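Have a look at the structure below, then the notes.
Remember, predicted model here, so these are calculated numbers, not experimental data. We count ligands from 1, going down the list as the structure has it; atoms in each ligand are counted the same way. In this chain, residues are counted from 1 in sequence order.
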Amino acid sequence: MEKSIKESAAPVLYLVVPCYNEEEVLPETSKRLLAKLKELEKTRTIVPSSRIVFVDDGSRDQTWNSIEKLHSENSQIIGIKLAHNAGHQNALLAGLMFAKEKADVVISLDADLQDDIDAIDKMLEKFTEGNEVVYGVRSSRKKDTVFKRQTALFFYKLMRAMGVEVVHDHADYRLMSKRALNELAEFKEVNLFLRGIVPLIGLKSATVKYERGERFAGESKYPLHKMVSFALDGITSLSIKPIRFILAVGVLMFIVGVIMTIYALVQKILGNTLSGWTFLACSIWALGGVQMISLGVIGEYIGKIYRETKARPRYIIEKTVE
Ligand code: UDP
Ligand code: MG
């Protein structure tokens with residue numbers, strides 16, 4: 001059924017763009033994306049009822065006014081205003097869940113257009129070939145700072161080591177079919193890490209390579225502390241390896257403890273009870289530290305469980321313009 005729709009007619013495409021304090025980029029971004037839609041309509045790759053959805057993630061600047069203005073100038077632009085800053089992943093989800101009702105296929109991308117929009121053509125091609133998910137993969141990160149490149153590399157290595165399946169150098173530039181989005185909607189978790197969840201859906205997928213560009217205006221909404229907490233969130237919401245690691249450390253320390261007890265008893269028998277004070281003092285701190293870290297890691301998971309059990313809404317839509 002799904003297949004025959006794809007073959008018989010061009011699909012309805014929705015582009016979903018999360019925006020947090022993006023007033024500087026929106027006019028240019030919407031211009032470029034509208035031009036892209038027009039181009040795709042001309043070649044009959046998509047139908048004219050295709051749309052661009054800007055999700056305002058509780059911005060503090062003029063982002064929403066800008067979206068309303070763009071909507072009044074062009075009805076192909078839809079705006080969703082979230083009631084507060086729900087975070088990139090939740091804002092993206094809000095847009096995807098909105099779009100899946102109306103579109104056959106949805107592509108998510110960042111407001112700064114660092115992701116080359118010409119890759120959309122190739123993504124749609126892969127979709128027509130029967131792929132339900134198409135991942136945009138960065139072929140080079142030449143334009144990223146050395147710092148961003150290195151931290152990103154470390155991030156992907158760490159994720160892999162923790163047993164989380166992520167597509168290397170893929171962020172949130174991806175195509176998803178209606179079917180894939182319906183499956184995604186079944187993942188109810190509050191701790192949302194989309195690039196770890198989408199591979200779990202497991203439908204037929206493909207990748208498309210593109211060059212990652214620079215932000216043409218404004219600045220990154222992902223400062224270092226957000227990047228670090230995003231990475232930690234990703235690991236702890238998809239893997240329990242850190243807890244296993246603690247168990248391993250605990251076992252190791254117990255073995256060391258047994259050896260130390262034997263050593264201490266031998267020293268006692270030999271009458272050298274005063275030796276080893278420095279060692280003892282250091283051990284207390286080292287062991288205390290390890291225990292605190294372990295509690296912290298376990299606490300992180302308990303915090304996640306706490307948030308999951310409450311099952312609060314992941315985003316709240318204040319209003320939409322369409
Ligand atoms: N973003 C968002 N909510 C946030 C932070 C970011 O919706 O709390 C959006 C932002 O507007 C952009 C995308 O997420 O469209 C990626 O952010 P950015 O380009 O600043 O990240 P970077 O490319 O520097 O990693
Ligand atoms: Mg960016």
Side-chain angles (χ1 to χ4, degrees), residues 14-33 52-67 70 77-99 106-117 119-120 136-138 140-156 159 166 168-174 190-195 210-234 314-318 320:
Y14 270 46
L15 298 175
V16 170
V17 187
C19 311
Y20 180 58
N21 295 343
E22 298 286 11
E23 60 179 10
E24 291 115 317
V25 306
L26 272 177
E28 179 65 24
T29 297
S30 60
K31 207 169 86 192
R32 290 195 205 172
L33 290 180
I52 300 165
V53 183
F54 287 118
V55 185
D56 175 15
D57 185 16
S59 301
R60 292 158 198 277
D61 65 357
Q62 294 303 307
T63 297
W64 180 248
N65 291 344
S66 176
I67 293 172
L70 291 165
I77 290 177
I78 292 175
I80 300 178
K81 184 179 181 352
L82 299 189
H84 50 238
N85 183 226
H88 178 202
Q89 299 291 293
N90 291 318
L92 195 53
L93 185 75
L96 294 176
M97 291 303 114
F98 173 88
V106 179
I107 295 177
S108 53
L109 66 169
D110 290 351
D112 54 13
L113 298 193
Q114 283 188 279
D115 305 317
D116 179 14
I117 61 169
I120 290 176
V137 172
R138 295 160 188 178
S140 91
R141 283 176 169 265
K142 271 183 247 137
K143 303 257 171 66
D144 271 345
T145 60
V146 176
F147 180 73
K148 187 110 191 174
R149 228 179 307 159
Q150 290 306 321
T151 47
L153 191 66
F154 177 69
F155 166 76
Y156 288 107
M159 295 299 281
V166 283
H168 189 76
D169 266 348
H170 157 72
D172 285 305
Y173 188 22
R174 85 176 76 78
V190 175
N191 297 286
L192 196 65
F193 189 75
L194 285 171
R195 57 189 93 160
Y210 68 93
E211 290 256 345
R212 168 104 164 150
E214 273 169 279
R215 212 175 223 283
F216 63 83
E219 48 190 53
S220 174
K221 308 298 180 285
Y222 265 101
L224 182 64
H225 71 93
K226 263 199 196 173
M227 259 158 61
V228 172
S229 73
F230 183 61
L232 289 179
D233 257 0
R314 292 173 281 190
Y315 52 82
I316 289 166
I317 295 174
E318 190 178 316
T320 53

Tell me the nearest of [options] to [atom], using heavy-atom distances.
| atom | options | answer |
| --- | --- | --- |
| atom 10 (C) of ligand 1 | E214, H88, E22 | E22 |
| atom 7 (O) of ligand 1 | P223, P18, A152, A94 | P18 |
| atom 8 (O) of ligand 1 | N85, T145, N21, V25 | N85 |
| atom 1 (N) of ligand 1 | Y20, Y222, F230 | Y20 |

Can you confirm, on distance only, whether ligand 1 has an N/O atom lying under 3.5 Å from any N/O atom belonging to [X]?
| X | result |
| --- | --- |
| R212 | yes |
| A91 | no |
| A111 | yes |

Using a strict cut-off of 4.0 Å, indicate which atoms of ligand 1 neighbour a heavy atom of [X].
| X | value |
| --- | --- |
| K226 | 5 (C), 8 (O) |
| D57 | 2 (C), 3 (N), 4 (C), 7 (O), 8 (O) |
| G87 | 3 (N), 8 (O) |
| S220 | 20 (O), 21 (O), 22 (P), 24 (O) |

**Message:** Can you tell me how the ring of F193 sits relative to the ring of F230, calling it parallel under 30°, perpendicular over 60° and tilted otherwise?
**Reply:**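 Rings of F193 and F230: tilted, 30 to 60°.
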Side chain of [X], backbone of [Y]: donor and acceptor closer than 3.5 Å?
| X | Y | answer |
| --- | --- | --- |
| S108 | V16 | no |
| N21 | R60 | yes |
| K221 | E219 | yes |
| D61 | E23 | yes |

**Message:** Nearest 0.5 angstrom please: I117 CD1 to L15 CG, how far?
**Reply:**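 The CD1 atom of I117 sits 8.5 Å away from the CG atom of L15.
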**Message:** Looking at every non-hydrogen atom in both residues, tell me the closest pair between Y156 and A171 and how far apart they are.
**Reply:**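 Nearest pair, atom of Y156 first, then A171: OH-N, 4.5 Å.
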**Request:** Identify the two heavy atoms, one from L113 and one from F216, that lie closest to each other, and give their separation to 0.1 Å.
**Result:**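 Heavy atoms of L113 and F216 come nearest at CB-CE2, 4.1 Å.
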**Request:** Report the residue from N90, T63, N85 that forms a side-chain hydrogen bond (donor to acceptor under 3.5 Å, both in side chains) with D57.
**Result:**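 Of the listed residues N90, T63, N85, the side-chain hydrogen bond (donor to acceptor under 3.5 Å, both in side chains) partner of D57 is N85.
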**Prompt:** Does at least one non-hydrogen atom of K148 fall below 4.0 angstrom from an atom of ligand 1?
**Reply:**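 The answer is yes, since K148 has a heavy atom less than 4.0 Å from ligand 1.
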**ring pair (Phe, Tyr, Trp, His ring centres under 6.0 Å) against F98, all qualifying residues, sequence neighbours excluded** =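 Testing F98 for ring pair (Phe, Tyr, Trp, His ring centres under 6.0 Å), a comparison that skips the adjacent residues, returns none.
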**Prompt:** Using a cut-off of 2.8 Å, how many protein N, O or S atoms lie below it in distance from the Mg ion (ligand 2)?
**Reply:**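 That number is 2, waters not included.
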Looking at [atom], what's its closest protein heavy atom, distance included?
| atom | value |
| --- | --- |
| atom 23 (O) of ligand 1 | Q114 OE1, 2.7 Å |
| atom 18 (P) of ligand 1 | R215 NH2, 3.5 Å |
| atom 19 (O) of ligand 1 | D112 OD2, 2.6 Å |
| atom 20 (O) of ligand 1 | K221 N, 2.4 Å |

**Message:** When you compare the side chains of S140 and E211, does any donor N or O come within less than 3.5 Å of an acceptor on the partner?
**Reply:**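 Yes - a donor-acceptor pair under 3.5 Å links their side chains.
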**Request:** Apply salt bridge (charged side-chain N to carboxylate O under 4.0 Å, His left out) to R32 and list each qualifying residue two or more places apart in sequence or on a separate chain.
**Result:**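 R32: salt bridge (charged side-chain N to carboxylate O under 4.0 Å, His left out) contacts with E28.
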**salt bridge (charged side-chain N to carboxylate O under 4.0 Å, His left out) against R138, all qualifying residues, sequence neighbours excluded** =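 R138: no salt bridge (charged side-chain N to carboxylate O under 4.0 Å, His left out) contacts found.
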**Prompt:** Hey, is E24 close enough to R215 for a salt bridge, meaning N to O under 4.0 Å?
**Reply:**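 Not counted as a salt bridge, because no side-chain N and carboxylate O are separated by less than 4.0 Å.
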